[in-house]
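Numbered from 1 within each chain, the chains take letters A, B, ... in sequence-line order. All heavy atoms count here, side chains included; hydrogens, waters and symmetry mates do not.
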Number of protein chains: 2
Amino acid sequence: MGITKTDSYTDQTLALASIFKALGHPARIAILAYIAKQTACICGDIVAELPLSQASISRHLAELKEAGLIKGTISGTSVCYCIDETQLPLLETFIHQIKQLQNQTCCA
Amino acid sequence: MGITKTDSYTDQTLALASIFKALGHPARIAILAYIAKQTACICGDIVAELPLSQASISRHLAELKEAGLIKGTISGTSVCYCIDETQLPLLETFIHQIKQLQNQTCCA
DNA sequence: ATTATTCATCGTAATATTGCGATATAGAAG
DNA sequence: CTTCTATATCGCAATATTACGATGAATAAT
């Protein structure tokens with residue numbers, strides 16, 4: 001069947017797109033890489049590491065959090081952000097499927 | 001060292017972000033999935049499959065192409081679009097690294 | 001209690017994306 | 001040459017994103 005003109009995108013398509021969208025900005029890639037790299041989970045040091053204001057970093061963190069890619073824990077006056085792995089398999093599965101489904105003889 | 005306020009993002013970060021950005025729209029996810037699914041590589045049937053105008057589809061295809069995720073081959077008056085796998089390993093590597101670097105004891 | 005620190009949110013300006021109709025381009029068919 | 005078919009591109013309007021200063025909220029320190 002596939003997608004027709006009358007129905008919209010599937011939930012899965014929408015979910016994938018929103019996760020990819022969250023990764024579609026260099027600041028958020030850098031933030032994610034930074035958080036993953038730290039042995040102890042770091043909060044506002046990101047502000048010191050990236051060329052963005054505290055307000056902008058906070059916004060990017062909120063977007064990553066909303067996409068389920070990180071989670072934040074309040075500890076005193078600061079917030080500790082960590083990787084949330086739960087969404088990553090979705091991306092891996094999608095990429096795998098694309099690779100596997102691809103027809104090798106296409107456009108030969 | 002990491003990223004400081006004075007230098008911008010690394011080339012790798014920018015490259016990753018632009019690929020993810022290209023995937024950050026449901027129409028482009030659907031297009032990619034559709035192209036991958038076809039046994040013969042299909043061109044403008046996508047227009048019939050998605051709830052978007054021909055102009056919009058063409059725009060999305062151009063973005064996927066610019067991100068290196070698909071490639072188009074002209075055959076007569078139509079264009080045959082196919083998956084270009086070359087960028088996918090970058091995404092896989094990034095996701096793997098995030099998973100591996102992540103500190104399990106973070107935010108315990 | 002006052003002040004400092006850390007982070008989130010608001011308001012706003014600048015910029016980018018999205019979608020579509022109209023139009024252009026290029027090859028196929030007649 | 002004219003016409004049809006398949007795509008791409010232009011121009012425009014609507015919407016979304018991004019960034020930042022200013023401000024708010026909450027805890028820590030004095």
Side-chain angles (χ1 to χ4, degrees), chain A residues 3 5-9 13-14 17-32 34-35 38 40-67 69-82 107, chain B residues 3 5-9 13-14 17-32 34-35 38 40-67 69-82 107:
Chain A
I3 303 157
K5 286 223 177 193
T6 44
D7 49 314
S8 190
Y9 305 107
T13 296
L14 293 170
S18 74
I19 300 172
F20 279 128
K21 187 178 183 180
L23 292 168
H25 191 289
R28 293 194 286 271
I29 293 286
I31 288 172
L32 211 63
Y34 184 75
I35 292 177
Q38 297 308 115
C41 65
I42 302 296
C43 30
D45 308 277
I46 303 164
V47 176
E49 291 290 307
L50 294 187
L52 288 174
S53 71
Q54 181 265 322
S56 301
I57 297 286
S58 184
R59 237 152 149 357
H60 283 305
L61 285 168
E63 276 183 72
L64 286 170
K65 197 167 149 191
E66 205 181 329
L69 291 166
I70 61 175
K71 49 191 168 184
T73 315
I74 300 172
S75 82
T77 143
S78 60
V79 177
C80 166
Y81 280 105
C82 324
C107 293
Chain B
I3 302 156
K5 285 224 177 191
T6 45
D7 49 314
S8 190
Y9 305 107
T13 297
L14 292 171
S18 75
I19 301 171
F20 279 127
K21 188 179 183 178
L23 293 168
H25 191 287
R28 294 194 286 271
I29 294 286
I31 288 172
L32 211 64
Y34 184 76
I35 292 177
Q38 298 308 115
C41 65
I42 302 296
C43 31
D45 310 274
I46 303 164
V47 176
E49 290 290 308
L50 294 188
L52 287 173
S53 71
Q54 181 266 322
S56 301
I57 297 286
S58 185
R59 240 152 146 353
H60 284 304
L61 285 168
E63 276 182 74
L64 286 170
K65 197 167 150 193
E66 204 181 330
L69 291 166
I70 62 175
K71 49 190 169 185
T73 315
I74 300 172
S75 81
T77 143
S78 62
V79 177
C80 165
Y81 280 106
C82 324
C107 293

Item to check | Whole-Å gap separating C1' (C:dT17) and CD1 (B:Ile57) | outcome: 16 Å

Checklist entry - Which atoms form the tightest heavy-atom contact between B:Ala67 and B:Ala22, and what is the distance? => result CB-CB, 3.5 Å

Checklist entry - Rounding to a whole Å, what distance do you find between B:Ile46:CD1 and D:dT7:P? => result 9 Å

Checklist entry - From B:Lys65 NZ over to B:Lys71 NZ, what is the distance, rounded to the nearest 0.5 angstrom? => result 12.0 Å

Checklist entry - Looking across every strand, which nucleic acid part, if any, lies under 4.0 Å from B:Ser56 by heavy atom: base, sugar-phosphate, or nothing? => result base

Checklist outcome for this item: Testing C:dA8, D:dA6, C:dG19 for proximity to the side chain of A:Gln54, the answer is C:dA8

Next on the checklist: Between A:His60 and D:dT17, is there a contact of a side-chain N or O with OP1 or OP2 at under 4.0 Å?
Outcome noted: no

Item to check | B:His60 versus B:Ile31, closest heavy-atom pair with distance | outcome: CB-CD1, 3.7 Å

Checklist entry - Could you state the CD-P distance from A:Glu63 to D:dA16, rounded to the nearest angstrom? => result 13 Å

Next on the checklist: Please determine whether a side-chain nitrogen or oxygen atom of A:Ser78 lies at a distance below 4.0 Å from atom OP1 or OP2 of C:dT6.
Outcome noted: no

Checklist outcome for this item: Whole-Å distance, B:Phe20 CZ to D:dT17 C1', equals 19 Å

Item to check | A:Arg59 CZ - C:dA13 C1' separation (whole Å) | outcome: 13 Å

Next on the checklist: As a test of reading the structure: which of D:dA22, D:dA28, C:dT17 is closest to the side chain of A:Ala55, going by heavy atoms?
Outcome noted: D:dA22

Checklist entry - At under 4.0 Å, does any side-chain N or O of B:His25 touch on OP1 or OP2 of C:dG19? => result yes

Checklist entry - For B:Leu61 and A:Thr77, take the nucleotide of DNA chain D holding the closest heavy atom to each; which residue's nucleotide lies nearer the 5' end? => result B:Leu61

Next on the checklist: Judged by each residue's nearest nucleotide on DNA chain D, which is more toward the 5′ side, A:Lys21 or A:Ser75?
Outcome noted: A:Lys21

Next on the checklist: I need the CD1-C1' distance between A:Ile74 and D:dA28, as an integer number of Å.
Outcome noted: 15 Å

Checklist entry - Between A:Ile46 and A:Leu61, is any pair of side-chain heavy atoms under 4.5 Å apart? => result yes

Checklist entry - Which distance, rounded to the nearest 0.5 Å, do you find between the OG of A:Ser58 and the CD of A:Glu63? => result 10.5 Å

Next on the checklist: Of the listed nucleotides (D:dT7, C:dC20, D:dC20), which one gets closest to any side-chain atom of B:Tyr81?
Outcome noted: D:dT7

Next on the checklist: Distance check needed: D:dT17 C1' versus A:Arg28 CZ, whole Å only.
Outcome noted: 8 Å

Checklist outcome for this item: In whole angstroms, the gap separating P of C:dC7 from CG of A:Leu50 amounts to 14 Å

Checklist entry - The side chain of B:Val79 lies closest to which of these nucleotides: D:dA8, C:dC20, D:dA19? => result D:dA8

